[in-house]
Structure formats: structure tokens, C-alpha cells
There are 2 protein chains.
Amino acid sequence: MVQSVEESQGHKPAVEKRRIQILEAACAVMGKQGIAATRVGDVAKHLGISTGLVHYHFDTKDELLAAAFRHAAEKELAALRILVETGGTPRELLDVVINNFYPASGFSSWRLWIEGWAVALQSESFRQTVMELDEAWVEVLAEALTDGVASGDFSCVNPRDSAWRLACLIEGLAIQQVAHGGVINDVETRRLVADAVEAEIG
Amino acid sequence: MVQSVEESQGHKPAVEKRRIQILEAACAVMGKQGIAATRVGDVAKHLGISTGLVHYHFDTKDELLAAAFRHAAEKELAALRILVETGGTPRELLDVVINNFYPASGFSSWRLWIEGWAVALQSESFRQTVMELDEAWVEVLAEALTDGVASGDFSCVNPRDSAWRLACLIEGLAIQQVAHGGVINDVETRRLVADAVEAEIG
DNA sequence: CGATGAACTGACGGGTCAGTCAGTATGGTG
DNA sequence: CACCATACTGACTGACCCGTCAGTTCATCG
């Protein structure tokens, strides 16, 4: 059903287009059902193609899902980088990064990450993918802090440490909020993060 | 194989003993293979019993695994509470709590938690279990901070906020370290946590 | 000593699903 | 046009595994 995905990809060879279609379909299904409950047949059905064709482009299910996860995460990361490159004061840039890190309400990609970390415990291809992307993500935050320190706006003792602490704090809060919706809600998350940010940048 | 588990349980009815045997077997298998890869047959084989018997005591696999997860987590939590009750200065108690929160090297229960959060996205019984235990865990940390504030040793603005921030920070760091062993290692984790603790207690 | 029921076995049904394969459509090329 | 490679189909297989059930063992008690 629905192949709303003739955007953005230029004039690549047809095979590549199909590959990307399948990746995006896999992302859609994973987002809806979760990684563990995603079947090859579901991805095929989502595009109205046969399961054989999925396996024509991807040898195994594991390879497909890891590639799809990477595809989704790289897209989001690229979007964030573009936002950051448009410029602004260090403070504004930091806010942009933090806000796009967040489990904003209805922002389902945290569910994918939470499952991704779990799958990474078993699947080597996922482990590698999740690790690279986690680090790339923190890198963006670290740069924002470093720039702020360089310009004198922030006063972190060690921007890289601060970046890791903030990133891990946000990840932990995302789990509390997304995985089981406990006492931590969206408003509280923002407050806790905001306080931590202030403490880190002095 | 191996049923090294005739400890600790007093003279409960035989059924209850068997239930607990099965729960501990399930914990052992989950710890080794991960939650997602745990089969009812594996649990049975680990005890040298039939799969039928497992289903005699637990209606569904989901119920078994959620109960086993709760069993393991409650045991650890009880152990921590005993440690805390032995007393000490607020600073010592805080260190005990923080150190037992940690993904200490070889401490495999973080793997279970990481998978638990992911499973909680799909399974209602896991969601409930993981949520309750997460909160109980933070509660212990919050008490340690509150006591320290009361005695004047610490100066948190809001001990509960600090507890949540520290707990989430540690969870996030555990993921980085356990799930994909990226740039964050055990030594660095301890340093990052220690700095955050100092910042929180002033 | 029967009898009753709880604890337990192990074979099996029935459903699911990843990956295969023989065969079909399509579009480009000589 | 004939040829051929690439893209694609969909039925199928082989494996896996949860949960069931008919039947067995065993302890307890009237």
C-alpha cells in the first residue's frame, strides 16, 4: 500500500530506488509494530510486492532491519545537522540540539532506539550501527557545547564529558517516559533536562 | 541441569518451591540468551523437567518471563535495601547506592534491564513490572539524598529531581557501555557519574 | 487397601515465518 | 526481431516453538 516515497532521491539507478523504497517501508513497519514484531512479509505487503523481492535485494532479515534502522537514524541526524548549520547564537544552537534529542510527544523514534539497543545485544550488525549513530549524535551535542565554550558563552570544564552526561540523561529519561510512562512525563522531562543543561554550562 | 537453588526459601508448600525453581531457571536462561531468545523448552531443559510442567505452573510464556524478571529485580532490590539499612554516614550510604546501581563489569543484569525496557513497549505485564521496579529503585536513591540533605551533608535543591537525573544518567551510561561497548568504558562511566553526583549534592 | 487428586510426562497439533526456487515479465542491446 | 540479463512473483519448504492433552506416577486420606 501507499508508496509515497518518490521524493528526495535524484536519478539513481532503479535498483537503488527500489532498495530505498524497501528500507523506508521497513522503517514504517518497525515504527508501527516495533523491530521484534516486524516480519519480512509485512514489509512486502506495505509496498505491495512479494517477499521474494525483498530477499532479492536483502539477503537476510537481520541485514534488512539493520540497514533500515541506519537509514532512519542517518536521515534524522542529517536533518539536525542542517538545522544547526543555519546558525544562531551558541545558546540557540544548543537549544536546537537538545530539543531535537528529546522524546517530544508523539515522536516515535525513541521507541526504535530503545528496541535498537536491546537488539544490539544479540545482533552484530545492529550493535555496530547503533554504536556509530549514538556517537555521531553525541558528537553534534559536543560541538555545540565546544563552540559555546570557545565563544565564552558557556563555561563547561569539559565539553565532551558534559555532552555524554546530557545525552545519557536524555536517553534515560526517554526510557522512563516512552517505555513505561511512569511518574516522569513530558513536562517534567523538559524541566529535568533544562536544569541539567544549566548546571553543565554554568 | 544444576538446581543449586535450595537456598533461602523456608518451608513453603511444594508448589511454591517448584514455581520459584522455574522462575530462577528462567532468570538463568534469560541472562545467558536474552529475553527474546528464551524458549519455554530451554527453561524446562535447564531444570530437567518437561515443557508441560512449566505450563502447569505458568499459563503463558509472557507471564513466566515477566514473573521471572520481577523475581530477579526484587531480589537485587532487597539486597540493596539490606546494604543500606546497615547504616553509615549519608555519604557512605549514597556511595553504596550509586555503586550498586552501576553497570559494574561482569554485572549482567543491565542486559536484562535493557531488554526489559524494549519488551515493555509490547507487553503489558512487562510494562507494569519494569515501571514499578524502576520507580522503587529510584526511591532508594531519593531516600539516600533526602537523608543527606536533612542531616546537612548534602545541599540538593530538590532531592527527588536529583535522584531521577542521576538514575537516568546511569541508565543511559549503562546502555552505552553494555549494549554496544562504544567509547564509554567502565572507568569513564565511574568518572562521569562521580562528577554528576558532586554537582548534584553541591 | 482403594480412591482421589495433584504433580508431572512427552508426544503432537497447529500456526508462524525466513528464505528458496522455478518460472514469468520487461526493457535494453546487437 | 531475437536474445539476454535484470527485476520480480508466489507457492512452497523446512524449521521452530507455544500450548494442549491423554495418560502416568505418587502421596495422602478415608
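Chain identifiers are assigned alphabetically (A, B, ...) following the order of the sequence lines, protein sequences preceding nucleic acid strands; residue numbering begins at 1 within each chain. Side chains are part of it too, since the values below use all heavy atoms of this structure and drop only hydrogens, waters and symmetry mates.
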Legend entry - Qualifying salt bridge (charged side-chain N to carboxylate O under 4.0 Å, His left out) pairs with a residue from residues 53-64 of chain B, counting only residues at least two apart or across chains: none
Using atom names, set out every protein N or O paired with an N or O of nucleotides 4-7 of chain D below 3.5 Å, distance rounded to 0.1 Å.
unit_1, atom_1, unit_2, atom_2, d
D:dA7, OP2, A:Tyr56, OH, 2.6

Inset, instruction - Specify the closest pair of heavy atoms between B:Ala167 and B:Phe101, including all atoms of both residues, with the distance to one decimal. - result: CB-CZ, 3.9 Å
Inset, instruction - Report the residues that fulfil salt bridge (Lys or Arg N to Asp or Glu O under 4.0 Å) with B:Glu124, sequence neighbours left out, ordered by chain and then residue number. - result: B:Arg127
Legend entry - Side-chain donor/acceptor of A:Asn100 to backbone N/O of A:Val96, under 3.5 Å: yes
Legend entry - Residues that A:Trp117 engages under side-chain hydrogen bond (donor to acceptor under 3.5 Å, both in side chains), provided they are two or more places apart: A:Asp134
Inset, instruction - Among residues two or more places apart or on two chains, list those pairs meeting salt bridge (charged side-chain N to carboxylate O under 4.0 Å, His left out) that have a residue in residues 173-184 of chain A. - result: none
Legend entry - Contact pattern, 5' to 3', of nucleotides 21-30 of chain C - B, S or - by protein heavy atom under 4.0 Å: ----------
Inset, instruction - Could you note down all residue pairs passing ring-ring contact (aromatic ring centres under 6.0 Å, His included) where residues 168-189 of chain A supplies at least one of them, sequence neighbours left out? - result: none
Inset, instruction - Could you pull out all residues at least two apart from A:Arg191 that satisfy side-chain contact (heavy atoms from CB on, under 4.5 Å)? - result: A:Glu188, A:Asp195, B:Asp161
Legend entry - Sequence-distant partners of B:Arg39, salt bridge (Lys or Arg N to Asp or Glu O under 4.0 Å), two or more places apart: none
Legend entry - Nucleic acid footprint by protein, nucleotides 12-17 of chain C - heavy-atom cut-off 4.0 Å, B for base, S for sugar-phosphate alone: -----S
Inset, instruction - Send over the distance from A:Lys45 NZ to D:dC8 P, rounded to a whole Å. - result: 20 Å
Inset, instruction - For A:Glu143, enumerate each residue passing the salt bridge (Lys or Arg N to Asp or Glu O under 4.0 Å) test, keeping only those at least two apart in sequence or located in another chain. - result: none
Inset, instruction - Let me know, please, whether B:Ser50 or A:Thr38 comes out on the 5' side of the other along DNA chain C by nearest nucleotide. - result: B:Ser50
Inset, instruction - Kindly write out the residues that satisfy side-chain hydrogen bond (donor to acceptor under 3.5 Å, both in side chains) with A:Ser151, not counting sequence neighbours, or none if the list is empty. - result: A:Asp153
Inset, instruction - Would you kindly give the CZ-to-C1' distance between B:Arg19 and C:dC8, to the nearest whole Å? - result: 17 Å
Inset, instruction - Mind calculating the distance between NE2 (B:His55) and P (C:dA11) to the nearest angstrom? - result: 17 Å
Inset, instruction - Provide, to the nearest angstrom, the distance between the CZ atom belonging to A:Phe58 and the P atom belonging to C:dT20. - result: 15 Å
